[in-house]
Number of protein chains: 2
Amino acid sequence: MADRKPEVEVVSPKRARTITDLARLAGVSPGTVSRALGGKRELVSTKTREKIEALAREHGFQLNQMASRLRRQKTGVIGVVIPLGHDRHQQISDTFFMTLLGYLADELTNHGYDLMLRRVIPDQDEDWLDRFIGSGMVEGVLVIGQSDQFDRIDEVADGYMPMVVWGNHKEGQRHCVVGTDNRLGGRLAAERLIAAGAKKLMFLGSSEPIEFAARYAGAKAVADKMGVSLGILPTHLNPDEAAGEIAEYLSANQITFDGVFAASDILAVACMKVLQERGVTVPDQIKLVGFDDLPIAAQTQPALTTVKQDIATGAKSMVNLLLRRIAGEGTESLVLPPTLVRRQSA
Amino acid sequence: MADRKPEVEVVSPKRARTITDLARLAGVSPGTVSRALGGKRELVSTKTREKIEALAREHGFQLNQMASRLRRQKTGVIGVVIPLGHDRHQQISDTFFMTLLGYLADELTNHGYDLMLRRVIPDQDEDWLDRFIGSGMVEGVLVIGQSDQFDRIDEVADGYMPMVVWGNHKEGQRHCVVGTDNRLGGRLAAERLIAAGAKKLMFLGSSEPIEFAARYAGAKAVADKMGVSLGILPTHLNPDEAAGEIAEYLSANQITFDGVFAASDILAVACMKVLQERGVTVPDQIKLVGFDDLPIAAQTQPALTTVKQDIATGAKSMVNLLLRRIAGEGTESLVLPPTLVRRQSA
DNA sequence: CGATTGATTGCAAACGTTTGCAAGAAAGCT
DNA sequence: AGCTTTCTTGCAAACGTTTGCAATCAATCG
């Protein structure tokens, strides 16, 4: 005997909670009810199936997913992790990641999966990834952004197939990643700035995250080839802080550049505002190119020329690859080509 | 006998998957392992506990959450639903909801809960809410935005305590809601516009969602009292569509207003752009007030005066109320006062 | 030294499904 | 009628934990 004494037999419970309740009502065995309601519908005669379905509706019966999933060893849940590596509060409002998350939610739903979201702060939690994977709650994991956790992710990937990461691809890495060709994006941006007449370029943002470093590298390659300069104006990624830093820089230095490549649209918008406040006109005096093509890019005045990451396709691809990995297939990483969206700022 | 024949006894499995594996390794019973690793640590002697913990680490053992949760009848998961009522694609990029989601994720994590995200399209799925609740996967539900599902939510609330909804409060409703006092927000906006000198106001956006209707109503009350007019310029909530609609309106009509209250910051930004494109200056010719105080509000040129919803507090409150409801406590709805953030646009 | 107490541990029954196997019923065939 | 074959259904064993109860053993007490 365990923790609960068996209850008195209830003749006609108003609400059927378990499959056994329903079986009693229908005068069949629990197994039959399971078959009638679950995946193996064709194994039960039409007549009994319909009776059971009617009773289920009538008594508001819902299958207990916990039990079902335990038995079937399938959870139907995909874990989505956002590691907050560099700066905890930067990412809270990171529109790009949130938008990606939205599309992932859509896509997973379409495939019948639920989405379990977890935000982790790796510094405070050594084995965040193992814990999530080993919990038995998720059939696969999507990681949004590698943050500064590249190595840990790469390590885990050896022993754990069903994981796909959003981020920059790096030669020789072992985990499957979907991301934009940031280098190419950087090239497109620099090319546009130069084509628009800029001679002295400035990269705006941090070059620490691997994605941003690649954007810078791409721009640098073009700049070198075309014989124009490319400086770096380092800022935080949070627009408020960045605005202050840009303003400070402009106060302290002569404006020695005529083209700005911002590491993200968020930074581009902040930059545009600071410039306008000082009476510098965009694009006349300074050309400006962003990155991401967030909705806001079309809403600035002048509208922002930017390098577009196709978030919808990215999300679709991540889910697609993950499902194939869950099925046991080995998959390669996927690098998506960005495109230049030309508006007014450059 | 069921589906799997029992495997040959493995003497020293490289990786302990189940608590029973570990028990065999440690030479104790599964129950003891469970106690050593689970909540009842003090029931097992220090010596055996340490031995078991060491073995667990060594063999990379992780408790199977599925089984644990089934047995304990606790899932440790809170469901978060975003019903996409009006316009499917509006919400994908709805920054406000996404930001709220971010804070909810933080707050739930702090309390040891996981977050299961589900986006539903009520039109295509009659009993979205019952299905989620009855799945046995979640201990409570947070609904982000009532969309047009007010009645269905209210209905469900009678029989299901652990649910908290973000949205507008309505007299006599039965479900527990946390939200901003939209009416007051509308008042603040109108008061500011009038104080800034506007005489003819225009409400921008749809008044169909209940939240927006309340914002309009609040503004209307002030307008009436102060003897200024308040028109409505109906738009979609998506900035791209809205921009087109605003432009169209301006082309077809004389500009008969000098103050705009936009139903959201997103719309305000779109409006500002359209005005600026036509050479109308903000705030000189037209005053503009938004709603939400999204990060973008500080980044426009001129910076947007707006009615701030305190998202962080909202998220904290939702989680707090939900936990109390899970504990069986009946809780009242909570209406948070918005504040006016005065910047340059009005 | 026997009896009482307290600390550890093992046993086995749940939690609510799913599903292989086999039995019984119905139908088809010779 | 007898024998196969095909449908339906019931039985009971899992899935991997947790936990009430009881048993064991050492320690304490009178």
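Since we're looking at a predicted model, the values are computed, not measured. Just so we're on the same page: letters track the sequence lines, and every chain starts at 1.
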Under 4.0 Å between a side-chain N or O of [X] and OP1 or OP2 of [N]?
X     : N      : result
B:T48 : C:dT9  : yes
A:Q73 : D:dA14 : no
B:S45 : C:dT8  : no
B:R17 : D:dG16 : yes
B:T18 : D:dC15 : no

Tell me yes or no: between the side chains of B:R324 and B:T331, is some donor less than 3.5 Å from an acceptor? no
Between [N] ([atom2]) and [X] ([atom1]): distance, integer Å:
X      : N      : atom1 : atom2 : result
A:M66  : D:dT18 : CE    : C1'   : 14 Å
A:R41  : D:dT8  : CZ    : P     : 15 Å
B:K74  : D:dT19 : NZ    : C1'   : 15 Å
A:K51  : D:dT9  : NZ    : C1'   : 12 Å
A:N64  : C:dC15 : CG    : P     : 11 Å
A:K40  : C:dG20 : NZ    : P     : 8 Å
A:R49  : D:dC7  : CZ    : P     : 15 Å
A:M137 : D:dC15 : CE    : C1'   : 15 Å

Honestly, is B:K170 close enough over B:F150, meaning NZ or CZ under 6.0 Å from the six-membered ring centre and within 45° of the axis? yes
From A:S68 atom OG to A:L63 atom CG, the distance as rounded to the nearest 0.5 Å: 5.0 Å
Please say which of B:L322, B:D114, B:V138 ends up in a side chain to side chain contact (heavy atoms under 4.5 Å, CB included) with B:I78. B:L322
Checking side chain to side chain contact (heavy atoms under 4.5 Å, CB included) against A:V156, which of A:D151, A:V143, A:V141, A:L129 comes through? A:L129
For B:L43, answer base if it contacts any base atom (sugar-phosphate contacts may also be present), sugar-phosphate if it contacts only those atoms, and nothing otherwise; contact means non-hydrogen atoms under 4.0 Å. base
Given C:dG16, D:dT9, D:dT18, which nucleotide is nearest the side-chain atoms of B:L63? D:dT18
I want to verify a distance call: between D:dT17, C:dT18, D:dT19, whose nearest atom is closest to the B:F61 side chain? D:dT17
Salt bridge between A:E53 and A:R41, side-chain N to carboxylate O under 4.0 Å? yes
Does any N or O donor sit under 3.5 Å from an N or O acceptor when you compare the side chain of A:R71 with the base of C:dT17? no
Determine whether a donor-acceptor pair (N or O, by modelled atom type, separation under 3.5 Å) exists between the side chain of A:N64 and the backbone of A:A67. yes
Does any residue of residues 28-38 of chain A have a heavy atom under 4.0 Å from DNA chain C, and if so, which ones, in number order? A:G31, A:S34, A:R35
